[in-house]
Amino acid sequence: MPARAVDVTFVLPSRQRFAGELLPDVVARALGRADRAITATGVEILFDVLPRGWPAAAVTRQAECGDAGDASWVRADPAYVRADINGARLLAIGEMLGLDADASEALLRPLRPLFGDAGMPIDAGRPNAWYLRLAPGSPLPTFPSPDDALGSDLFEQMPQGPEGRRWRALMSEAQVLLHHHPINADRLNRGLAPINSIWFWGAGRLPDHVRTSYGSIHSQDPTVRAFAQLAGVTVAPLEMWSLPDGDAAFDLRPARNFAALCQAWIEPALAAVAAKRIGTLRLMWADGERFDIRRSQSLRFWKRPLRGLAERDDE
């Protein structure tokens, strides 16, 4: 048991994912009495990064290969794009595609001349994470992260203007090279999605400073784990709930089942608040809503339980 009450943060998906779900009574009461605020979105809020930004490519490259140095890096992850009546949608990327090392190398082989001629060599840090190395000071593209881009129209997410045109052309040429690759014929025969595109994201160089107020960060996301590693704090897998020894953040964004989320995580943490073992339990939803829960709020008996996650406290 920790010597003092610890502060715990749960980073959660958008509340829209659980629209219409019934809240367990203990959760409904706690959320109805909690302090609420609108805050910045994204797991990035766990870290203080200088210069400002989220240079995921450089940080994950350093964690995986240790050679980020002063170069600029861009993730160019393998992706699956499907055409529809309105254009094309990004449906899978990176880890979702389950590449092994041999398949990754085979797919990269025809891409190396394309990106090498463009002055940005491509290679893999791990089979599902591909990187472009750019010279320091090179103009960097602005692409949304996979979490933001998945399911959306591919072309709406791509940068515009002269510099954006260059990256759009590179992506189109990569798609042509990947389209008829033998690896994809094999994947289709096995009922797997083809690797028919790449997705650029996370551009930047290794930051000068990464800090966090948490003593440990629990996540399955390689990017979050890489930032935590650079911040010098304990990096832990996301397993079943147990009370941490110090202030901790838990990355629960992959949660899909609201009842299971409440039973396995939120309700045990609320019990720890009631037992004075957690000082503040912070629930940070991806849509920007934040609930801060403390034991003293149990005295707010006039505040009615929350009927749904989207309900405002003044409704």
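Bear in mind the structure is a predicted one, so any value in this text is a computation, not a measurement.
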Query raised in the report: If we only count heavy atoms from C-beta on, is the Val74 to Pro141 side-chain gap below 4.5 Å?
Result: yes
Query raised in the report: Which atom pair, heavy atoms only, marks the closest approach of Ala57 to Arg75?
Result: CB-N, 3.5 Å
Show me the donor-acceptor pairs, under 3.5 Å and distance only, between side chains in residues 130-140 and residues at least two apart or in other chains.
residue	atom	partner	partner atom	Å
Trp130	NE1	Ser104	OG	3.0
Trp130	NE1	Pro127	O	3.1
Tyr131	OH	Thr60	OG1	2.8
Tyr131	OH	Arg61	N	3.4
Tyr131	OH	Glu64	OE1	2.9
Tyr131	OH	Glu64	OE2	3.3
Ser138	OG	Ala135	N	3.4
Ser138	OG	Ala135	O	2.7

Requested in this report: May I ask you to check whether over 12 heavy atoms, not counting those of Leu22, lie within 6.0 Å of atom CG?
Outcome: no
**Report entry** Leu261 vs Leu12 side-chain heavy atoms within contact, under 4.5 Å
**Finding:** yes
Report summary line: For Phe301, the other hydrophobic cluster members (4.5 Å side-chain criterion, sorted by chain and number) are Trp302
Query raised in the report: Do Thr280 and Val6 come within less than 4.5 Å of each other through their side chains, counting heavy atoms only?
Result: no
Query raised in the report: Which pairs count as salt bridge (charged side-chain N to carboxylate O under 4.0 Å, His left out) when at least one residue sits in residues 216-233, sequence neighbours excluded?
Result: Asp221-Arg253
Requested in this report: Search all heavy atoms of Gln62 against all heavy atoms of Gly69 and return the closest pair with its distance.
Outcome: OE1-N, 4.2 Å
Query - Single-linkage hydrophobic cluster Phe258~Val26, side-chain heavy atoms < 4.5 angstrom - result: yes
Query - Residues forming a side-chain hydrogen bond (donor to acceptor under 3.5 Å, both in side chains) with Trp167, sequence neighbours excluded - result: Glu163
Requested in this report: Measure across Tyr80 and Asn196 and return the closest heavy-atom pair with its distance rounded to 0.1 Å.
Outcome: CA-OD1, 3.4 Å
**Report entry** With sequence neighbours excluded, residues passing salt bridge (charged side-chain N to carboxylate O under 4.0 Å, His left out) with Asp7
**Finding:** none
**Report entry** Side chain proximity check, Trp265 to Leu238, heavy atoms < 4.5 angstrom
**Finding:** yes
When the side chains of residues 170-177 are checked against the rest of the protein, which donor-acceptor pairs come out under 3.5 Å, sequence neighbours left out?
residue	atom	partner	partner atom	Å
Ser172	OG	Arg168	O	3.1
Gln175	NE2	Ser197	OG	3.0

**Report entry** Gap between atom CG of Leu283 and atom CG of Asp292 - 0.5 Å precision
**Finding:** 8.5 Å
Requested in this report: Find out if a path of hydrophobic residues (ILVMFWY) with successive side-chain heavy-atom gaps under 4.5 Å connects Val49 to Ile217.
Outcome: yes
Query raised in the report: Do Trp54 and Ile93 belong together in a cluster built from hydrophobic side chains that touch within less than 4.5 Å?
Result: no
Could you give the side-chain donor-acceptor pairs of residues 198-207 under 3.5 Å, partners two or more places apart or in another chain?
residue	atom	partner	partner atom	Å
Trp199	NE1	Pro144	O	3.0
Trp201	NE1	Asp77	OD2	3.0

Query - Whether over 12 other heavy atoms sit under 6.0 Å from Gln220 CD - result: yes
Query - same_hphob_cluster(Val11, Trp285) at 4.5 Å side-chain heavy-atom cutoff - result: no
Requested in this report: Please collect all salt bridge (charged side-chain N to carboxylate O under 4.0 Å, His left out) contacts where either partner lies in residues 107-120, sequence neighbours excluded, each pair once.
Outcome: Glu105-Arg109, Glu105-Arg112
**Report entry** Residues forming a side chain to side chain contact (heavy atoms under 4.5 Å, CB included) with Ile45, sequence neighbours excluded
**Finding:** Thr39, Ala40, Met284
Query raised in the report: Nearest heavy-atom pair of Gly279 and Ala5: which atoms, and what distance?
Result: N-CB, 3.6 Å
Query raised in the report: Taking the side chain as C-beta and beyond, is there a heavy-atom pair between Leu230 and Phe47 under 4.5 Å?
Result: no
Query raised in the report: Is Leu91 reachable from Phe143 through a run of hydrophobic residues whose side-chain heavy atoms are each under 4.5 Å from the next?
Result: yes
Requested in this report: Could you note down all residue pairs passing salt bridge (charged side-chain N to carboxylate O under 4.0 Å, His left out) where residues 86-103 supplies at least one of them, sequence neighbours left out?
Outcome: Asp84-Arg89, Glu95-Arg126
Query raised in the report: In Å and rounded to the nearest 0.5 Å, what is the CH2 to CD distance from Trp241 to Glu267?
Result: 13.0 Å
**Report entry** Inter-residue atom distance Phe10.CZ - Ile293.CD1, 0.5 Å rounding
**Finding:** 9.5 Å
Query raised in the report: Looking at Asn128 and Pro78, what are the two nearest heavy atoms and their distance?
Result: O-CD, 3.7 Å
Requested in this report: Please test Ile195 against Leu97 for side-chain contact (heavy atoms from CB on, under 4.5 Å), starting from the C-alpha separation and ending with a verdict.
Outcome: CA-CA 8 Å; Ile195 314 299; Leu97 293 163; 3.5 Å; yes
Report task. If the plane angle is over 60° it's perpendicular, under 30° parallel, otherwise tilted; pick one for Phe250 and His218. Result -> parallel
Query raised in the report: Is there a donor-acceptor contact under 3.5 Å from the side chain of Gln160 to the main chain of Met158?
Result: yes
**Report entry** Any donor-acceptor N or O pair under 3.5 Å, side chains His179, Asn184
**Finding:** no
Query raised in the report: Are Arg300 and Asp35 close enough for a salt bridge, meaning some N to O gap below 4.0 Å?
Result: yes
**Report entry** Carboxylate-amine/guanidinium contact Arg15 Asp287, below 4.0 Å
**Finding:** yes
Requested in this report: Step by step, work out the side-chain contact (heavy atoms from CB on, under 4.5 Å) result for Asp48 and His209.
Outcome: CA-CA 8 Å; Asp48 177 33; His209 163 108; 3.0 Å; yes
Report task. Just do the side-chain contact (heavy atoms from CB on, under 4.5 Å) check on Trp73 and Val59 with the steps written out, would you? Result -> CA-CA 9 Å; Trp73 296 88; Val59 173; over 6 Å; no
Requested in this report: Write down the atom of Pro13, the atom of Ala255, and the distance for their closest heavy-atom approach.
Outcome: CG-O, 3.9 Å
**Report entry** Test salt bridge (charged side-chain N to carboxylate O under 4.0 Å, His left out) applied to Arg190 - qualifying residues, sequence neighbours left out
**Finding:** Asp186
Query raised in the report: When rounded to the nearest 0.5 angstrom, what distance separates CG in Leu252 from CD1 in Ile266?
Result: 8.0 Å
Query - side chain to side chain contact (heavy atoms under 4.5 Å, CB included) partners for Ala88, two or more places apart - result: Val81, Leu154, Phe155
Requested in this report: Please assess Arg290 against Arg36 for the test side-chain contact (heavy atoms from CB on, under 4.5 Å), listing each intermediate value before the final yes or no.
Outcome: CA-CA 6 Å; Arg290 189 184 81 200; Arg36 297 178 66 169; over 6 Å; no
Query - Reported OG-to-CD distance for the pair Ser145 and Gln157, which is rounded to 0.5 angstrom - result: 9.0 Å
Query raised in the report: Can you tell me how far the CG atom of Leu270 sits from the CG atom of Leu31, to the nearest 0.5 Å?
Result: 7.5 Å
